[in-house]
Structures are given as structure tokens and as C-alpha cells.
Amino acid sequence: MKTVCNFCKTEYSLDVVPSGPVKCAICGNTWVVQRPQRRNSVLVFIAALCALLAALIFAVAVLYQHKVKEIQEKPIVAEIMDVKTDTDESGITKFVVSGRVVNRSEQIYGAPGLVIVSYDVNGNVIARQKFLPSATLLDAGSEVKFSHKLSVPVSNVEKIAVELDSKE
């Protein structure tokens, strides 16, 4: 701990707090060294808890704002839930893509057309196939499921994605 002479301002480093008055080696002034105040551990804990709570509230607010902005920018989303294969009468195996279109907003929207895109191993588009889901309107917060058989054979297809038809 450090202490300073009240008269000449000479600084001293002490290993322990002396039990009685101390005398300055430079000017001879005598003073009593005050014990340093201890922080109340309960108050430190409460302050740390408040800081943690404030950080948590801030994080939730940021995530909520991000989600609201994302929904405003993309109120309707489409996603693939399952891809199976089916063999037709001529023996050709094709994909059957199932998924859903979700209205994430609080407004009614017309159900958009969908585009199933097939990609090869290099990420090149093999085919784009448009179709309409069964519902024409999507209530706020609702979804419509879809299932569509692709006209493209399974060979050479590495990846399948669904997009909203932007021309609708």
C-alpha cells in the first residue's frame, strides 16, 4: 500500500498498515495511515449482476430489431423440407421436392409463384422449374405446404433450392 507524508508529500510503500502513527524520514512529520476502504462485496456483486442484465437486455433488443428488419425485408420465405425420388412409368427417376411457404409478417400476402432450381456439381444451373403453391393467399403468420415433382432426371443434380418467383 502507498502512503504520503501530509507535510512534504514524500511517498512511501508499506507492506502492511502500521498499527500506530508513522514518522516521515525526510521532514519528521508524524501522521496516522488510514486503512484503505474495502469495497462491499454485495454491492460489487449487485453492480456486476446489473451490468450483466443490461448486456442481456441489449443483446435481446438487438436480436429483436434484426428479426423485425429481416421480416420487413422478406415477409414471405420458401424452404425445402424434404427431397425424395420417384420413378415414373418409363423408368426414369425424378426428384419430388416438398417444402413450405411462410408468411412471417402480420399482413395478408398473395402466395407467390415458386421456382425449383437444380444445380450440378460445379454449382451451374441445370434447370429452373416454376410452379404455383396450392394457396392463393397467405394469412398473417400462416404457411402453405407444397410438393412438386421435377421434370429433370436425378442424374447430374447435386443440389436443389427453392426461390420465390420474382416476376410474380
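Note: hydrogens, waters and symmetry copies are ignored here, and every other heavy atom, side chains too, is used.
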Hey, is the main chain of N156 close enough, under 3.5 Å, to the side chain of D120 for a donor-acceptor pair?
->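 No.
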
Is the backbone of I92 close enough, under 3.5 Å, to the side chain of S90 for a donor and an acceptor to pair up by distance?
->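 It does not hold such a pair.
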
Do [X] and [Y] belong together in a cluster built from hydrophobic side chains that touch within less than 4.5 Å?
{"X": "I76", "Y": "I80", "value": "yes"}
{"X": "L114", "Y": "V157", "value": "yes"}
{"X": "V115", "Y": "M81", "value": "no"}
{"X": "I26", "Y": "V33", "value": "yes"}
{"X": "L52", "Y": "F58", "value": "no"}

Which heavy-atom pair separates [X] from [Y] by the least distance, and what is that distance?
{"X": "F95", "Y": "V83", "answer": "CD2-CG1, 3.4 Å"}
{"X": "S151", "Y": "Q129", "answer": "N-OE1, 2.9 Å"}
{"X": "V144", "Y": "P133", "answer": "CG1-CB, 4.2 Å"}
{"X": "G110", "Y": "L137", "answer": "CA-CD2, 3.9 Å"}
{"X": "F146", "Y": "R100", "answer": "CE2-N, 3.2 Å"}

Spacing of [atom1] belonging to [X] relative to [atom2] belonging to [Y], to within rounding of 0.5 Å:
{"X": "I116", "Y": "E163", "atom1": "CD1", "atom2": "CD", "result": "9.0 Å"}
{"X": "K69", "Y": "E73", "atom1": "NZ", "atom2": "CD", "result": "5.0 Å"}
{"X": "S105", "Y": "D139", "atom1": "OG", "atom2": "CG", "result": "10.0 Å"}
{"X": "Y119", "Y": "R128", "atom1": "OH", "atom2": "CZ", "result": "6.5 Å"}
{"X": "L150", "Y": "D86", "atom1": "CG", "atom2": "CG", "result": "11.0 Å"}
{"X": "I126", "Y": "S155", "atom1": "CD1", "atom2": "OG", "result": "8.0 Å"}

Counting neighbours of [atom1] on [X] that are heavy atoms of other residues, nucleotides or ligands and sit closer than 6.0 Å, is the number greater than 12?
{"X": "K74", "atom1": "NZ", "result": "no"}
{"X": "F7", "atom1": "CZ", "result": "no"}
{"X": "N6", "atom1": "CG", "result": "yes"}

Could you check whether the rings of Y12 and W31 sit parallel, tilted or perpendicular, using 30° and 60° as the cut-offs?
->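 Answer is tilted, since the angle falls between 30° and 60°.
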
Decide, yes or no, whether a salt bridge links K84 with D82 under the criterion of side-chain N to carboxylate O below 4.0 Å.
->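 The answer is yes: the pair qualifies as a salt bridge.
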
Among all residues two or more places apart in sequence or in another chain, which pass the side-chain contact (heavy atoms from CB on, under 4.5 Å) test with K67?
->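 Partners of K67 by the side-chain contact (heavy atoms from CB on, under 4.5 Å) criterion, ordered by chain and then number, come out as E70, I71, R104.
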
